[in-house]
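For reference, the structure discussed in these notes is given below.
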Amino acid sequence: MTGAWMGMPAFPDAAREAVRDSQLRANLRNATGTIRAKRARVVAERPDWEQLRVAGERIKDQALRNLADHLVEFERNATAAGAHVHWARDAAEANKIVLELVRATGSSEVVKVKSMATQEIELNESLAEHGITAVETDLAELIVQLGHDKPSHILVPAIHRNRAEIREIFTREMPDVPAGLTDAPIELAGAARAHLRRKFLSARVGISGANFAVAETGTLVVLESEGNGRMCLTLPETLISVVGIEKVVPTFADLEVMMQLLPRSSTGERMNPYTSMWTGVAPGDGPQDVHIVLLDNGRTDALADEIGRQALRCIRCSACLNVCPVYERTGGHAYGSVYPGPIGAILTPQLRGVAADAVSASLPFASSLCGACYEVCPVRINIPQALVHLRGQVVDAKRGKPSAERLAMVGMGWVFGSPRRLRWAQKLAALGGRVLGRRGRIGRLPGPGAAWTDTRDLPVPGQSFRDWWADR
Amino acid sequence: MSARDEILARIRSALEGAEPAPEVSRDYARTVAGDVVRLAAERIADYRATVTLTTATALPNAIAARLVANGVRRLAVPADLPSSWVSDFDGELVQDNGLSNAELDGCDGVLTASALAIAETGTIVLDAGPGQGRRALTLIPDYHLCVVAADRIVGTVPEAAELLDPKRPLTWISGPSATSDIELNRVEGVHGPRTLDVLIVE
Ligand code: SF4
């Protein structure tokens, strides 16, 4: 996957292709429409939604502003409860730690519950290179894995597949597929249950991420729906959780806010079916060998950016994807990163560096700046503001000095005040990119970058995103 | 420099000169109005779980009735489950004194108590306390009959957070195992128990 993933064309090219794929567009429109309506209904039920959002924003800001202290506190409490805490500067270091931990168990297979952090570091690929099979157990991840596909949504990675396609993938790829499987969702879910059952019951190593890490208590939290999370977190002897350092919240009471914001924003439910919270080792109950890998991998770079750092508040609910008119038409693959949609457009370039590659440089332009993402974000990340800020950085990175785009974009209110001015500012930026594009430079790449060398050298779309959009 | 020290140093330098973050305002709702027991029953049922209201005296009978209705013959129970609860059940009882996963998988269902329930969200929380057993017990059997004491039902998530002890392994359960991964339709029954049956004891 690494090569193909990193060899993705920059956003406008990938998007143009995706928009032409009518099945994908129909699947997406259908799915995002459903989820938007569900979310709106459960959010409207809460007259204090704005208070919850502000609390969520501040909890994460408090956590981030004292991040070093909170991480040390988390480490102390988790360790006291019997967990082993490891630190990883980057993807390679995290993968190495996990590999060594898995090897120490003698197991050649691990069961995994969906985790953005492990996708980001491409853990499965790294384990596979060393002969260890990682079995994804989330239904959507299973669909993606069996379909030799890439995830296209944070919450529902197979959102681009409809039931007929899923049936087709299962029938082709599952050795133990029930005869006469139809495309009824209940049957498809049943097939996945049967397929993974034996693996769960005999698994010796589980790998997870975490939605939250509580500094005050050393507790990790995983929200899920299917019970595959509980299986992975409870049945194996060894549990390894890879956790981005921005996942920390200061106190256990902070969860009372997050546990209300996240399910309503992500699946549009009052609460998700299952949430597991565990603190180190519980004697006689669940894994007795518990490891936590705290991951930086670019997060401290984002933290250093006054405007960009708000992206680290993200709780990966995917509400911003579901309301994004651009995402709805292009799908997640066009973003060329495990973090698609509006959040991906501001997170990916920061984690990798805006000048790292053509995808990162083009992502801040993958938006019409309509502001819908900001309105739904449960932790109030001002995505349009961050996009404009990053556009400035992309152009600066090319020029090494303040750019026309930067100057044009200084007054946010001014730009947002008029679509015409916005169009003009974006054209100016596109022009800057075209003029300077030939000096494109490939920077640090996560993972093997060989496939990258033949890629585009234009860091900024030659056509402004809005113009491109107007042509659709 | 160790990875730990380097990451901590990077964080400190990234935040040099940053303004302190504003204090967290906690002016969101902490309680709900009205009868929390009715609300809990309604909200749990919204997830397509079955909810039955009963009393302490009628509990053994209610338990047996639910087990029969769901075809449970082999029932797993935690070792410390009050024996009176299953006095009317005439199927086979399998006590969990360290059952293997395969043995648990061979049971038709499991009966446990719970730590508390949250009315507003229709959530039951297990904390491995009395009558609840370890986490695998309520995970592997396909049917979970869960007893909730009405006086352990709180209105809201903040009220629950105050009562819960994070040092215990906590499992929040809101309806049966489900997925929305196929065209975003909620489908009950993936890896966790496919049937959640709740008895509220008033
Ligand atoms: S940016 Fe906000 S809306 Fe988007 S995934 Fe993150 S938390 Fe959710």
Side-chain angles (χ1 to χ4, degrees), chain A residues 30-31 34-35 48 51-52 54-55 58-59 61-62 65 67-68 87-89 93 139-140 156 158 162-163 166 185-186 188-189 192-193 201 214 217 219 225-228 230-231 234-235 252-253 255-256 259-260 267 270-279 282 284-286 296 300 303-304, chain B residues 2-4 6-8 10-15 18 20-29 43 46-47 101-102 105 120-123 128 134-136 139-140 157-158 160-162 166-185 187 189-193:
Chain A
N30 187 0
T34 310
I35 193 88
D48 58 345
Q51 284 94 310
L52 282 168
V54 172
R58 295 196 175 164
I59 286 166
D61 275 348
Q62 286 279 353
R65 216 53 62 87
L67 188 57
W87 300 71
R89 278 168 279 227
E93 195 166 24
L139 179 52
V156 200
N162 64 25
R163 62 182 77 186
I166 297 169
I186 188 90
L188 296 172
R193 178 183 168 99
L201 299 189
V214 183
T217 58
T219 307
S225 295
E226 298 169 14
N228 61 312
R230 292 176 70 193
M231 293 276 178
T234 313
L235 300 186
F252 187 72
L255 294 178
E256 74 192 22
M259 289 299 295
Q260 300 195 73
T267 46
R270 296 189 185 109
M271 197 62 84
N272 50 297
Y274 299 131
T275 297
S276 298
M277 302 182 182
W278 73 100
T279 305
D285 185 346
D296 180 348
T300 46
L303 191 65
Chain B
S2 72
R4 178 185 189 274
E6 195 175 324
I7 293 169
L8 292 173
R10 282 183 194 168
I11 293 170
R12 294 203 168 98
S13 95
L15 292 169
E23 284 306 308
V24 180
S25 44
R26 300 198 186 264
D27 50 357
Y28 43 83
R43 295 276 159 100
D46 270 358
Y47 297 120
N101 292 342
D105 201 30
E120 214 261 317
T121 59
T123 303
R134 62 196 169 112
R135 287 172 287 172
L139 175 61
I140 297 178
V157 174
E162 261 173 54
K167 288 194 194 71
R168 297 174 156 281
L170 301 174
T171 306
W172 297 35
I173 298 175
S174 307
S177 150
T179 181
S180 302
D181 284 351
I182 302 164
E183 300 175 9
L184 282 173
N185 290 312
V187 182
V190 197
H191 304 293

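Throughout, a chain's letter reflects where its sequence line sits, starting with A, and its residues are numbered from 1. In this text the structure is predicted, and so the values were computed from the model without any measurement.
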Is any side-chain heavy atom of [X] less than 4.5 Å from a side-chain heavy atom of [Y]?
X: B:E23; Y: A:Q62; result: yes
X: B:I140; Y: A:L201; result: yes
X: A:T217; Y: B:K167; result: no
X: B:S25; Y: A:R58; result: yes
X: B:T121; Y: A:M259; result: no
X: A:E226; Y: B:V187; result: no
X: A:D296; Y: B:I11; result: no

Which distance, rounded to the nearest 0.5 Å, do you find between the [atom1] of [X] and the [atom2] of [Y]?
X: B:T123; Y: A:N272; atom1: OG1; atom2: CG; answer: 8.0 Å
X: A:M231; Y: B:L139; atom1: CE; atom2: CG; answer: 4.0 Å
X: A:R270; Y: B:Y47; atom1: CZ; atom2: OH; answer: 6.5 Å
X: A:T275; Y: B:W172; atom1: OG1; atom2: CH2; answer: 7.0 Å
X: A:I166; Y: B:I182; atom1: CD1; atom2: CD1; answer: 5.0 Å
X: B:S177; Y: A:R230; atom1: OG; atom2: CZ; answer: 9.0 Å

(message) Taking salt bridge (Lys or Arg N to Asp or Glu O under 4.0 Å) as the definition, give me every residue that meets it alongside B:D105, ordered by chain and number, with sequence neighbours left out.
(response)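 Result, salt bridge (Lys or Arg N to Asp or Glu O under 4.0 Å) vs B:D105: A:R197.
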(request) With sequence neighbours excluded, tell me which residues meet salt bridge (Lys or Arg N to Asp or Glu O under 4.0 Å) with A:R89. (result)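 Residues passing salt bridge (Lys or Arg N to Asp or Glu O under 4.0 Å) with A:R89: A:E93, B:E6.
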So which residue, [options], ends up with the most heavy-atom pairs under 4.5 Å with chain B?
options: A:T219, A:N228, A:T34, A:L188; result: A:N228
options: A:L235, A:D61, A:V54; result: A:L235
options: A:L139, A:V214, A:I35; result: A:L139

Heavy-atom contact with chain A under 4.5 Å, split by part of [X]:
X: B:S2; answer: backbone
X: B:E162; answer: neither
X: B:R135; answer: both
X: B:R10; answer: both
X: B:A136; answer: both
X: B:P193; answer: both

So, for [X] and [Y], which heavy atoms are closest and what is the spacing to 0.1 Å?
X: B:G192; Y: A:Y274; answer: CA-OH, 3.7 Å
X: B:S174; Y: A:M271; answer: OG-CG, 3.2 Å
X: A:G284; Y: B:R134; answer: O-CD, 3.8 Å
X: B:A128; Y: A:D285; answer: CB-OD2, 4.0 Å
X: A:E256; Y: B:P158; answer: OE1-CA, 3.4 Å

(request) Select, from B:T179, B:T171, B:N101, B:L170, the one with the greatest count of heavy-atom pairs under 4.5 Å involving chain A. (result)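 Looking at each option in turn, the highest pair count goes to B:L170.
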(message) Which one wins on heavy-atom pair count under 4.5 Å against chain A: B:A161, B:P20, B:A178, B:G175?
(response)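 It is B:A178.
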(request) Check whether A:A88 gets within reach of chain B through its side chain, its backbone, both or neither, counting any heavy atom under 4.5 Å. (result)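 Contact with chain B is through the backbone of A:A88 alone.
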